[in-house]
Undergrad: 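To start, I am sharing the structure in question, which I have written as structure tokens.
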Number of protein chains: 2
Amino acid sequence: MATEPGSRERPRRSRPNINDVARHAGVSRATASRVLGGYGYSSQEVVERVNQAVRELGYEPDRIARTMRSGKSGVIGFVCADISDAFFASAMRGICDVARREKSQVIVMNTDNQLSQEQDATRVLLSHKVDGIVITPVSVREHGHIDAVTEGGVPVVSLDRQLSDSGIHSVVADNEAATTAAIDHLIGLGHRRIAFLGSTQPEEPPALRIGRTRASVAGPSRPSLDRVRGYLRALSAAAIPADRDLIALVSLEEPERRLEALAAMLALEHPPTALFTADGTMTKSAFHLLSERGVAIPAEMSLLGFDDLDWTTLVRPRISVVVQSSYDMGRAAAEELFAQMGRPAGEGGNGQGRRTVVPTRFLERESVGVAR
Amino acid sequence: MATEPGSRERPRRSRPNINDVARHAGVSRATASRVLGGYGYSSQEVVERVNQAVRELGYEPDRIARTMRSGKSGVIGFVCADISDAFFASAMRGICDVARREKSQVIVMNTDNQLSQEQDATRVLLSHKVDGIVITPVSVREHGHIDAVTEGGVPVVSLDRQLSDSGIHSVVADNEAATTAAIDHLIGLGHRRIAFLGSTQPEEPPALRIGRTRASVAGPSRPSLDRVRGYLRALSAAAIPADRDLIALVSLEEPERRLEALAAMLALEHPPTALFTADGTMTKSAFHLLSERGVAIPAEMSLLGFDDLDWTTLVRPRISVVVQSSYDMGRAAAEELFAQMGRPAGEGGNGQGRRTVVPTRFLERESVGVAR
DNA sequence: ATGAAAGCGCTAACAA
DNA sequence: TTGTTAGCGCTTTCAT
């Protein structure tokens, strides 16, 4: 086992610290620190000597010690349901890109949509002294643990979800407007019987109220519900009565019900002529079943989905979709977070702009046609 | 603004620390720490009092301070090309799941396949005092910065890549064997002209040597190259001479060349009867072009790919593929990492098992048929 | 069984 | 312009 000649066999001398640098440069710790931090006064000569020492020793400041002193760790947290989900993975990339620019790093925590895990996650992140958190909360109602974070002076931005009654800034897609536009498009093509197929969280029973002239959805703003709202609004604007049989809200926990719901619609006396699938999994299921049944798209059935996925452009016909860029949403959330971190620390912290709406785009392809 | 009566209006009293707990429990800091750490002696009564204080104050130990003392941060790093890539996102999830069990957190860094960014990433992670790193290195040759990490006593595990001449443990799929098996399958179906379409990193020019009786690939073990090797081995075993015209290795930086390469093969006097696409993007491109050209799969052309993706089961015919579970690979890498972290710190650290091979599976679907 | 005190690496208020 | 020093929150000898 070779060792530098003469060097005492110290097992694994850890990295040089600022004392080593100071000694090497023949100055005091404080001076070295000043040079490195670029504050206070120091003579040109000393600056050079210190920098040289840094280079020669390969010194890298210890961010843990720095965090200890300053309270700022240079780390932010991202809390989401599941990082392997494409939506979150892209959002994560957006967050990372902004973080890199700000010389910060990102810790990810998965919650699997469990409130308890989310609570643990915030606690752990706090104990790591993160400078801020981007979170896609499990619940838009139970956010005491999130409020606790902001109250501790650590900014939080909510991604893809809007927290009711809280000063927390949220970054969302214009789900309602985009859906309205999409449905308008179908209506413009002569469709009158347009089905809505979406998902719901188990925690939010779809409180759908369909009256003679008006239909509405109770509950907080959530992507899934806002899309239903957009759908109802478009119908209402076109004076098309909403039909309960054409609206399916399937719990995410019972994926097998997706196919059933669609099959039921196809079996109706007056089946729909167009399908609006409000999320990627639903679009996939619908396309699947339609193909299986040999239903011609768009001749017999138009299909329009929310979320662009790889495959929508590989199948025939290619699926028309409303796209939201989760990458952009992640970026926007991180931008807002760093902006808040810059501000006078919590004081009136999260300004007025409680909401950033990231635009969606409509990608017209070949799965939508005129009504039969 | 309500405040506890009598409590001085301190602006934002940060979280309680162990001093507060000790005082609250009427013991010394040391005693509180002992109780919390569960070591040394302490009377039953004191234990109770301390625990009570912890509960009442909502005390949570500061992991930064702990890290400072102990050198262990409870954080590991994951360095990959791009977390929004499905492969890495799944691997990340695997890593997170193991980390959670070990009460650790994960910091992610993207390199975009830039060596310089990878070097920065390792440096930054080290300065955060991570306990270990899982990395998918950009280069399998230039790994000085990675060696430096292990030499500093911080274990590293390489994911999906094998570092030449280094004691670093790697977790890989059985790329070569799986490809051989896949090609064998095609040969068994009567195919003789089997094309190989794969990608290469710009840094590793495809040093393909095709002799009269033997063909080989120079260079280190890398998924892309190992798949070529598997292909050549299968052909060789079946005494089918390798044909340079049927092997396309396209640089990842020139994606437009993928279609060209395939088009060229289709235009050959004796075009292939089967296509083996060695990665997801290639499979996608191939399917795309084949559809465009109206080439019937598998009647006119069999298609067999590496990597299972969502869409491969949505298109018709569904694509037969060799699957590797990046989630499992992530898990395996993290398991190995924590195992190393447990061992006597670097001392003979990375044992003998330099390599973990995660099995692949062959999913037979409908895109492969007998040779014409 | 408990407490006093040192020290991890760094920054910054203060003194010189 | 530079150095001295206190202290961030925690763990862990060492004394008692």
Side-chain angles (χ1 to χ4, degrees), chain A residues 10 12-51 53-54 57-75 126-131 152-153, chain B residues 10 12-51 53-54 57-75 126-131 152-153:
Chain A
R10 253 184 292 181
R12 218 173 255 292
R13 172 62 175 116
S14 66
R15 313 162 353 132
N17 63 22
I18 202 169
N19 285 311
D20 300 322
V21 172
R23 199 175 323 121
H24 200 83
V27 297
S28 75
R29 220 170 48 233
T31 303
S33 189
R34 238 171 288 142
V35 171
L36 288 162
Y39 66 96
Y41 305 85
S42 25
S43 69
Q44 193 51 43
E45 193 220 331
V46 164
V47 172
E48 309 253 303
R49 283 220 310 275
V50 170
N51 286 329
V54 166
L57 267 43
Y59 169 75
E60 189 78 22
D62 180 329
R63 304 176 76 130
I64 293 297
R66 226 174 226 188
T67 303
M68 184 91 151
R69 260 303 303 205
S70 66
K72 305 274 112 203
S73 62
V75 177
L126 243 32
S127 82
H128 275 293
K129 289 256 172 327
V130 292
D131 301 331
Chain B
R10 253 182 293 180
R12 216 174 256 295
R13 172 61 175 116
S14 66
R15 312 162 355 135
N17 63 23
I18 202 168
N19 285 310
D20 299 321
V21 172
R23 199 175 323 121
H24 199 85
V27 296
S28 74
R29 224 174 41 237
T31 303
S33 187
R34 239 173 285 141
V35 171
L36 288 162
Y39 66 98
Y41 305 85
S42 24
S43 69
Q44 193 52 41
E45 193 220 331
V46 162
V47 171
E48 309 253 304
R49 284 220 310 274
V50 170
N51 285 330
V54 166
L57 268 42
Y59 169 76
E60 189 79 22
D62 180 330
R63 306 176 74 128
I64 294 296
R66 227 175 227 187
T67 303
M68 183 92 151
R69 262 297 309 206
S70 66
K72 304 275 112 202
S73 62
V75 176
L126 243 31
S127 82
H128 276 292
K129 289 252 173 326
V130 293
D131 301 332

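No hydrogens, no waters, no symmetry mates; every other heavy atom, side chains included, goes into these values.
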Undergrad: If you restrict it to nitrogen or oxygen atoms, what contacts under 3.5 Å exist between nucleotides 4-6 of chain D and the protein, and what is each distance?
TA:
from	atom 1	to	atom 2	distance (Å)
D:dA6	N6	A:R29	NH2	3.3

Undergrad: In whole Å, what is the span from the CD atom of B:E60 to the C1' atom of D:dG9?
TA: 14 Å
Undergrad: Rounded to whole angstroms, how far apart are NZ on A:K72 and P on C:dA12?
TA: 13 Å
Undergrad: Measure from CG on B:L57 to C1' on D:dG9 and round the result to the nearest Å.
TA: 15 Å
Undergrad: Any side-chain N or O of A:Y59 under 4.0 Å from OP1/OP2 of C:dC10?
TA: yes
Undergrad: Residues two or more places apart in sequence or in another chain: which of them pass salt bridge (Lys or Arg N to Asp or Glu O under 4.0 Å) with B:D131?
TA: none
Undergrad: If I take atom OH from residue B:Y59 and atom OG from residue A:S127, how far apart are they, to the nearest 0.5 angstrom?
TA: 10.0 Å
Undergrad: In whole Å, what is the span from the CG atom of A:D20 to the C1' atom of C:dG9?
TA: 11 Å
Undergrad: Return a table of donor-acceptor pairs under 3.5 angstrom between the side chains of residues 40-47 of chain B and protein atoms on other chains or two or more places apart.
TA:
from	atom 1	to	atom 2	distance (Å)
B:S43	OG	B:V46	N	3.3
B:Q44	NE2	B:E48	OE2	3.4
B:E45	OE2	B:R49	NH1	2.5

Undergrad: Between atom CZ in B:R49 and atom P in C:dT2, what is the gap in whole Å?
TA: 8 Å
Undergrad: State, yes or no, whether a side-chain contact exists between A:V21 and A:L57 at a heavy-atom distance under 4.5 Å.
TA: yes
Undergrad: For A:R15 and C:dC10, give me the distance from atom CZ to atom C1', rounded to whole Å.
TA: 13 Å
Undergrad: How many whole angstroms separate atom NZ of A:K129 from atom P of C:dG9?
TA: 19 Å
Undergrad: By salt bridge (Lys or Arg N to Asp or Glu O under 4.0 Å), which residues pair with A:R69, not counting sequence neighbours?
TA: none
Undergrad: Between P on D:dC10 and CG on B:N19, what's the gap in Å once rounded to a whole number?
TA: 7 Å
Undergrad: How would you list, by chain and number, every residue that makes a side chain to side chain donor-acceptor pair (under 3.5 Å) with B:N19, sequence neighbours excluded?
TA: B:R29
Undergrad: Could you work out, with side chain to side chain contact (heavy atoms under 4.5 Å, CB included) as the rule, every residue matching B:A30, not counting sequence neighbours?
TA: B:S28, B:R34
Undergrad: Check whether any side-chain N or O of B:S43 sits under 4.0 Å from OP1 or OP2 of C:dT2, and answer yes or no.
TA: yes
Undergrad: Is there a side-chain contact between B:S42 and the phosphate of C:dT2, meaning an N or O under 4.0 Å from OP1 or OP2?
TA: no
Undergrad: In terms of the nearest nucleotide of DNA chain C, which residue is placed more toward the 5' end: B:M68 or B:Y41?
TA: B:Y41
Undergrad: For a quick check of understanding: with a heavy-atom distance under 4.0 Å over all strands, which category does B:S33 fall into, base, sugar-phosphate or nothing?
TA: base
